[in-house]
Amino acid sequence: MAQNPPAPRLGKPLKRAFFLRSVHEVAPDLIGATLLVNGVGGVIVELEAYHHTEPAAHSFNGPTPRNAVMFGPGGFVYVYRSYGIHWCVNFVCEREGSASAVLIRALEPTHGIAAMRRRRGLHDERALCSGPGKLTQALGITHAHNGLALDVPPFALYARIGKIEVATGVRIGITKAAELPWRYGLKGSKFLSKPF
DNA sequence: CTCTTGATCTTCT
DNA sequence: GAAGATCAAGAGC
């Protein structure tokens, strides 16, 4: 087995207050940040913004048992079941009642790659976390994590270090409000769910 | 490479 | 009963 390169240095820990502003300010600032769950994870390279004022958001029709966390304050985790089989993870943004969030869609694996390969049953690093359902499986995220805070274990989030270029485009896999350019990604990354 | 399909949970009609 | 913020496997080109 080839040795993995050393994991990159981490930036400063992001606190809950990081999320208490517009989802469109948070979204580009999260590209390049590092997400870890029990020490396993990587660099966020792709995400999408959702807001209760547009019909693609789960919160558009008001609170339900599933989306209740979205209606709380920013800085917490919203996990939902997708197509009956996958889990998808969101970070809630803005103030309580704003019901906005970013869907984490892809990571560049950097920490705990062996654990991710084991959970995914795959060796190819580029396929470990290149999609919203894939990365939750790789990090071990399930409904048990719904409602947890992002700045408290098992979660840890670290600011990016240095400059990057953020790409934007239309969101993937939706039919309502499909024209909004609310997909954000790390320009040129090899770990996206799809190229921009 | 693209296209199709099955898996089967939660919400809405 | 249908649709959905998905993925992997298999068929066909």
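Within every chain, numbering begins at 1; the chains are lettered A, B, ... in the order of the sequence lines, protein sequences first and strands thereafter.
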Whether the side chain of [X] engages the backbone of [Y] through a donor-acceptor N/O pair (distance < 3.5 Å, no angle test) should be reported.
{"X": "A/Asp124", "Y": "A/Arg126", "result": "yes"}
{"X": "A/Glu48", "Y": "A/Ile172", "result": "yes"}
{"X": "A/Arg160", "Y": "A/Gly11", "result": "no"}

Side chain to side chain contact (heavy atoms under 4.5 Å, CB included) with A/Leu36: of A/Thr34, A/Val40, A/Asn38, only one passes, and it is A/Thr34
Considering only the C1' atoms, how many Å lie between C/dA8 and B/dT10, rounded to the nearest integer?
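C/dA8 and B/dT10 have their C1' atoms separated by 22 Å.
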Gap in Å between the two C1' atoms, one belonging to B/dC3 and one to C/dA5, rounded:
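Rounded to whole Å, the distance is 22 Å.
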I need the [atom1]-[atom2] distance between [X] and [N], as an integer number of Å.
{"X": "A/Ile104", "N": "C/dT6", "atom1": "CD1", "atom2": "P", "result": "14 Å"}
{"X": "A/Lys176", "N": "C/dA5", "atom1": "NZ", "atom2": "P", "result": "6 Å"}
{"X": "A/Arg119", "N": "C/dA8", "atom1": "CZ", "atom2": "C1'", "result": "20 Å"}
{"X": "A/His51", "N": "C/dA5", "atom1": "NE2", "atom2": "C1'", "result": "16 Å"}
{"X": "A/Tyr78", "N": "C/dA5", "atom1": "OH", "atom2": "C1'", "result": "9 Å"}
{"X": "A/Gln137", "N": "B/dA7", "atom1": "CD", "atom2": "P", "result": "18 Å"}
{"X": "A/Leu103", "N": "C/dG4", "atom1": "CG", "atom2": "P", "result": "16 Å"}

Taking Watson-Crick (N1-N3 plus N6-O4 or O6-N4) and G-U wobble (N1-O2, O6-N3), each under 3.5 Å, can you produce the dot-bracket string of DNA chain B? Use [ ] for crossing pairs and | for inter-strand ones.
|||||||.||||.
Counting any heavy atom closer than 4.0 Å, what does A/Arg183 reach on the DNA or RNA strands: base, sugar-phosphate only, or nothing?
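No contact at all - A/Arg183 keeps every heavy atom at 4.0 Å or more from the nucleic acid.
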Answer with base, sugar-phosphate or nothing: what part of the nucleic acid does A/Ser193 contact at a heavy-atom distance below 4.0 Å?
nothing
Does a donor on one side chain sit under 3.5 Å from an acceptor on the other, for A/Gln137 and A/Arg120?
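Result is yes, a qualifying pair exists.
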Side chains of A/Ser22 and A/His24, donor plus acceptor under 3.5 Å:
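The answer is no; no qualifying pair exists.
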Under 4.0 Å between a Lys/Arg side-chain N and an Asp/Glu carboxylate O for A/Arg21 and A/Glu94?
no
Starting at the 5' end of DNA chain C and moving along, which residue's nearest nucleotide shows up first, A/Lys134 or A/Thr175?
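In this pair, the answer is A/Thr175.
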Let me know, please, whether A/Tyr80 or A/Arg120 comes out on the 5' side of the other along DNA chain C by nearest nucleotide.
A/Tyr80
Which atom pairs link the protein and nucleotides 9-12 of chain B when you take only N or O atoms and keep those under 3.5 Å?
unit_1 : atom_1 : unit_2  : atom_2 : d
B/dC9  : O4'    : A/Gly84 : O      : 3.3
B/dT11 : OP1    : A/Arg66 : N      : 2.9

Only one of A/His58, A/His143, A/His86 clears ring-ring contact (aromatic ring centres under 6.0 Å, His included) with A/Tyr80; which?
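Going through A/His58, A/His143, A/His86 one by one, the ring-ring contact (aromatic ring centres under 6.0 Å, His included) with A/Tyr80 is satisfied by A/His58 alone.
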I need the A/Leu20 CG to A/Glu25 CD distance, nearest 0.5 Å.
11.5 Å
